[in-house]
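Small disclaimer: the values here were computed from a predicted structure and weren't measured.
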There are 2 protein chains.
Amino acid sequence: MEGHPMDSVCDCSQCELRKAFFDSFSDEDLGDICRNKTEFPFFRGDTIFSEGDRIRYFSYLKSGLVKLFKTDTAGKDQIITIAGPYDFVSLLGVFSDTHHSYSVSVLEDAVLCCIDIERMREIALRNASFSMNLMERMGAVSNKIIREGLEIRKRNTHGKVAYILLKFCKDIYGTCIFDLPVSRREIAENIGMTTENVIRTLSELRKEKVIRINGKEIEVVDPVALERISNYG
Amino acid sequence: MEGHPMDSVCDCSQCELRKAFFDSFSDEDLGDICRNKTEFPFFRGDTIFSEGDRIRYFSYLKSGLVKLFKTDTAGKDQIITIAGPYDFVSLLGVFSDTHHSYSVSVLEDAVLCCIDIERMREIALRNASFSMNLMERMGAVSNKIIREGLEIRKRNTHGKVAYILLKFCKDIYGTCIFDLPVSRREIAENIGMTTENVIRTLSELRKEKVIRINGKEIEVVDPVALERISNYG
DNA sequence: ATCATAATATGACAAATGTCATATCACCAA
DNA sequence: TTGGTGATATGACATTTGTCATATTATGAT
């Protein structure tokens, strides 16, 4: 963990994520968490933690965009998923594992809310409804990753690229024009194809006038066609 | 749910799975669960539940082998994972979703231990350590599915087939000779390739004397070579 | 500014994979 | 038994995808 605590941290009672995560908290527990949490700002390119690091915090993303990834013995990265606000950075192993099984680094400047893992465990162990709440929320994140993996697995290269472009449009930015937060190589690492074929497929989509490309800027000109390509290759 | 309750059900205090799942139970809760669980026997080919069915039970596999899968609009199946004893059949959505998002059917005769979902929720809501225990156990199953998906995604066809054969060897049967519980088509549905290429790859592995094939029976003659193919294509 | 490095882009080619056709075999139901 | 259906198997071929080479552009460090 490289960041430094922020000077101004939010009052948890106002936290927009409170309802999502901590609705089942008593005022006592909320105060306890609030006094003992730390908000860390991170910047594009920062590593939040690396595969193999000891797990110290339970953490979730308040803002920004990160990638979760694994690095193989040959040094090649494989991106598990790209996560945004409301997503946990701590996945399900957080209470059972002692060390992280994946790395997280920052794609867009981010603020991470971190709670000491032991304190979190204590609270979860005496507040069953919070524990259930947590299980549901973390389950949703895990299920999203599983579903995404299945969607990617069943598509050919065109479908894969279309699928991830639509994810940026619909899930991440909510608009048809956006700056890609990742390189073509990272897209390749995410969907399991080569960098060259990602570039080639993007070029083809451009030639077919489905998208417009200007460096990192992508505009989805024909979302219907892109959906069709995503669904039928 | 098509099965019929079994005549003889195990006394939960003796359940070999008790330690794994219900270690945090008080005797009271254990008795409660024990009286209210139902064990269902299922047979090869049975459907345990289908995508879209209402979730009625929290359930886990005591014995046997099942496949979890989704069916797309064209009627094509995609296998999420093959699960054995100690695996949950209920994945993480079980407490937050109302309907199943995948189907489960039986590959090898199985016994399912089912607990009414509402009763399970009640107990989890008043027993935080059970709730945590459950989160850890379900998290482990989800993580396994995610990991498996990543391993499959990064391999070419030879690597994929080698990977799944090694899964049968090491994880499922613990022996180098086994009867495949699935068809070539189901392998294809699991690892995202065509049936023909699964058959072809198996034939090639046979010609290279890495495996021996006799119908459904597979013998891994050269596990080291198979590992190499799994890791390096 | 300048250099080095990485990212983007494209072509040519090889290799892998999917599609289609066909054949045999196993198995189940009538 | 017979007939039908699905599973396994293989070849031929087309298409897709990966690999390698090369060029240009962007980016960051000094």
Is [X] close enough to [N] that one of its side-chain N or O atoms is under 4.0 Å from OP1 or OP2 there?
X        : N      : value
A:Asn197 : D:dG18 : yes
B:Ser203 : D:dT10 : yes
B:Thr157 : C:dA16 : no
B:Arg184 : D:dA7  : no
B:Arg206 : D:dT8  : no

Side-chain (B:Gln78) to main-chain (A:Leu150) donor-acceptor, under 3.5 angstrom: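 It does hold such a pair.
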
Take the protein atom [atom1] of [X] and the nucleotide atom [atom2] of [N], then report the distance between them rounded to whole Å.
X        : N      : atom1 : atom2 : value
A:Arg185 : C:dA6  : CZ    : C1'   : 8 Å
A:Ile211 : C:dA9  : CD1   : P     : 10 Å
A:Lys160 : D:dT17 : NZ    : P     : 8 Å
B:Glu196 : D:dA7  : CD    : C1'   : 12 Å
A:Lys76  : D:dT19 : NZ    : C1'   : 12 Å
B:Glu189 : C:dG18 : CD    : C1'   : 16 Å
B:His158 : C:dG18 : NE2   : P     : 12 Å
A:Lys216 : D:dT25 : NZ    : P     : 18 Å

Candidates C:dT17, D:dG18, C:dA9 - which lies nearest the side chain of A:Met193: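 So the nucleotide nearest the side chain must be D:dG18.
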
Nearest to side-chain heavy atoms of A:Ile199, which nucleotide of D:dT8, D:dT19, C:dA9: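 Output: C:dA9.
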
Parallel, tilted or perpendicular: ring planes of A:Phe58 versus A:Phe88, cut at 30 and 60 degrees: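 Plane angle over 60°, so perpendicular.
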
Plane angle bin for A:Tyr173 and A:Phe168 - parallel if under 30°, tilted between 30 and 60°, otherwise perpendicular: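 Plane angle under 30°, so parallel.
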
First encountered from the 5' end of DNA chain D, between A:Gly192 and B:Ile213: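 In this pair, the answer is B:Ile213.
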
Ring-face cation of B:Lys67 near B:Phe69 (centre distance under 6.0 Å, axis angle within 45°):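 Cation-pi check for B:Lys67 and B:Phe69: passes.
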
Sugar-phosphate, base or nothing in reach of B:Thr195, heavy atoms under 4.0 Å: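 Nothing, no heavy atom under 4.0 Å.
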
Trace of the salt bridge (charged side-chain N to carboxylate O under 4.0 Å, His left out) decision for A:Glu151 with A:Lys167: CA-CA 11 Å; A:Glu151 295 297 333; A:Lys167 171 176 163 163; over 6 Å; no

Check: A:Arg200 side chain, D:dG18 base, donor-acceptor under 3.5 Å: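 Checked by distance alone, the answer is no.
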
